[in-house]
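For reference, the structure is listed below as structure tokens.
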Number of protein chains: 2
Amino acid sequence: MQKTSICPKYEFAAELLGKKWMGLLILVLLQGPLRFKDIKKEIPDMSDRLITERLKELEEKGIVERSVFPEKPVRVQYQLTNKGKNLEPVINAIQNWAEVWV
Amino acid sequence: MQKTSICPKYEFAAELLGKKWMGLLILVLLQGPLRFKDIKKEIPDMSDRLITERLKELEEKGIVERSVFPEKPVRVQYQLTNKGKNLEPVINAIQNWAEVWV
DNA sequence: AAAGTTACTTACTTTTCGAAAGTACATGAA
DNA sequence: TTCATGTACTTTCGAAAAGTAAGTAACTTT
């Protein structure tokens, strides 16, 4: 990310998407705001540890927003920011390719 | 890839792209056929070991074709198949997003 | 009071990666 | 002939990332 120089911005994005579970995680978040448990339900093979870790990463990069609702049992919700929602064409492109070639 | 079931084809693609260096590797291969040493030059931070490993993986999945030209010093060339070339929209989508949001 | 839910965290194992050196084959220079 | 250089890998080994399982804190339901 720091030295290779074809296109640093692309490299940032490729490194982000180039992490295990990121593609799936963003796909499910495109559905709308989800709670931790809902993400678990959608991606049962992804461990709690990695869900937490990836969400934190996406939050730090401004792609996901974490909201806490202090209801009776506290509710934590994750949703894509604009930056995140704009990844939809990427996800769609992957889906289209997969439809045709996988 | 076997159990999670949102969309197995998408998951296959996401897992492929979701590997370190894959995004960059495919990007540089979109330029046209390249030799091992050229890939090294384009992605200096990627180790020989991983270049070999990723290319082998892409070859097995029918995304890259490896050709050996028995010239004076043997020449080995890697190029995208149709399946691989059709990843261009995906790469472009990533690039567009990166341009705007990174 | 015991058991369950939610959103995590911690500890430990396994897998993957990175860095460096080594290999096989060939050409070219000293 | 010996040495250095180049290409395309392969091997080795320590470090980082991911997988697995169990634990925690706050609250709710039974």
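Values below: all heavy atoms of this structure, side chains included; hydrogens, waters and symmetry mates excluded. Naming convention: chains lettered A, B, ... in sequence-line order (proteins, then strands); numbering from 1 in each chain.
- The separation between A/Asp48 atom CG and C/dA11 atom C1' is 15 Å, rounded to whole Å.
- Rounded to an integer number of Å, the gap from CG of B/Leu50 to C1' of D/dA8 is 16 Å.
- Closest-nucleotide positions on DNA chain D for B/Lys40 and A/Glu53 were compared, and the one nearer the 5' end corresponds to B/Lys40.
- The CG atom of A/Leu80 sits 10.5 Å away from atom CD of A/Gln31, with the distance rounded to the nearest 0.5 Å.
- Between A/Ile43 atom CD1 and D/dA18 atom P the separation is 14 Å, expressed in whole Å.
- In this structure, A/Trp21 does not reach the D/dA18 phosphate: none of its side-chain N or O atoms is under 4.0 Å from OP1 or OP2.
- With hydrogens and angles ignored, the 3.5 Å screen pairs no side-chain donor or acceptor of B/Arg66 with any backbone N or O of B/Leu55.
- Nucleic acid contact class of B/Lys19 (heavy atoms, under 4.0 Å, all strands): none.
- Taking hydrophobic clusters as Ile, Leu, Val, Met, Phe, Trp and Tyr residues chained together by side-chain heavy-atom distances below 4.5 Å, B/Tyr78 does not share a cluster with B/Phe69.
- A/Phe69 places its CZ atom 12 Å from the P atom of C/dA7, with the value rounded to the nearest Å.
- When the C1' atom of D/dA17 is taken as reference, atom CD of A/Glu57 falls 11 Å away, rounded to whole Å.
- To the nearest 0.5 Å, the span separating CG on B/Leu34 from CG on B/Leu25 amounts to 9.0 Å.
- If you check D/dT20, D/dG19, D/dC9 against the side chain of A/Ser47, the one that comes closest is D/dT20.
- Whole-Å rounding puts the A/Glu59 CD to C/dA7 C1' distance at 14 Å.
- Side-chain N or O atoms of B/Thr81 include none that pairs as donor or acceptor with a backbone N or O of B/Glu65 at under 3.5 Å.
- Distances shown here put every side-chain N or O of B/Arg75 at or beyond 4.0 Å from the OP1 or OP2 atom of C/dA26.
- Of the candidate nucleotides C/dT6, D/dA8, C/dC8, C/dC8 has the atom lying nearest to any side-chain atom of A/Val76.
- With D/dT10, D/dA18, C/dA7 as the choices, the nucleotide that has an atom nearest any side-chain atom of A/Arg66 turns out to be C/dA7.
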Can you pull every protein N or O that's under 3.5 Å from an N or O on nucleotides 26-30 of chain D?
from   : atom 1 : to      : atom 2 : distance (Å)
D/dC27 : O3'    : A/Lys72 : O      : 3.4

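- Side-chain proximity of A/Lys20 to D/dA18, C/dC8, C/dA7: nearest is D/dA18.
- Side chain of B/Lys19 to backbone of A/Lys20: no donor-acceptor contact under 3.5 angstrom is found.
- At distances below 3.5 Å, not a single donor-acceptor pair connects side-chain atoms of B/Lys9 with backbone N or O atoms of A/Trp97.
- With values rounded to the nearest 0.5 angstrom, A/Met46 atom CE is found 8.5 Å from A/Thr52 atom OG1.
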Table of protein N/O atoms under 3.5 Å from nucleotides 13-16 of chain D N/O atoms:
none

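- One interatomic measurement links the two molecules: CZ of B/Arg54 to P of C/dT16, which rounds to 10 Å at whole-angstrom precision.
- The distance from atom CG of A/Leu34 to atom C1' of C/dT6 is 15 Å, rounded to the nearest whole Å.
- The two residues B/Val28 and B/Glu42 make their nearest non-hydrogen contact at CG1-CB, 4.0 Å.
- Between A/Lys37 and the phosphate of C/dT6, there is a side-chain N or O to OP1/OP2 separation shorter than 4.0 Å.
- Not one side-chain nitrogen or oxygen of A/Tyr78 sits closer than 4.0 Å to the OP1 or OP2 atom of C/dT6.
- Without hydrogens or angle criteria, A/Asp38 side chain to A/Arg35 main chain gives a donor-acceptor distance under 3.5 Å.
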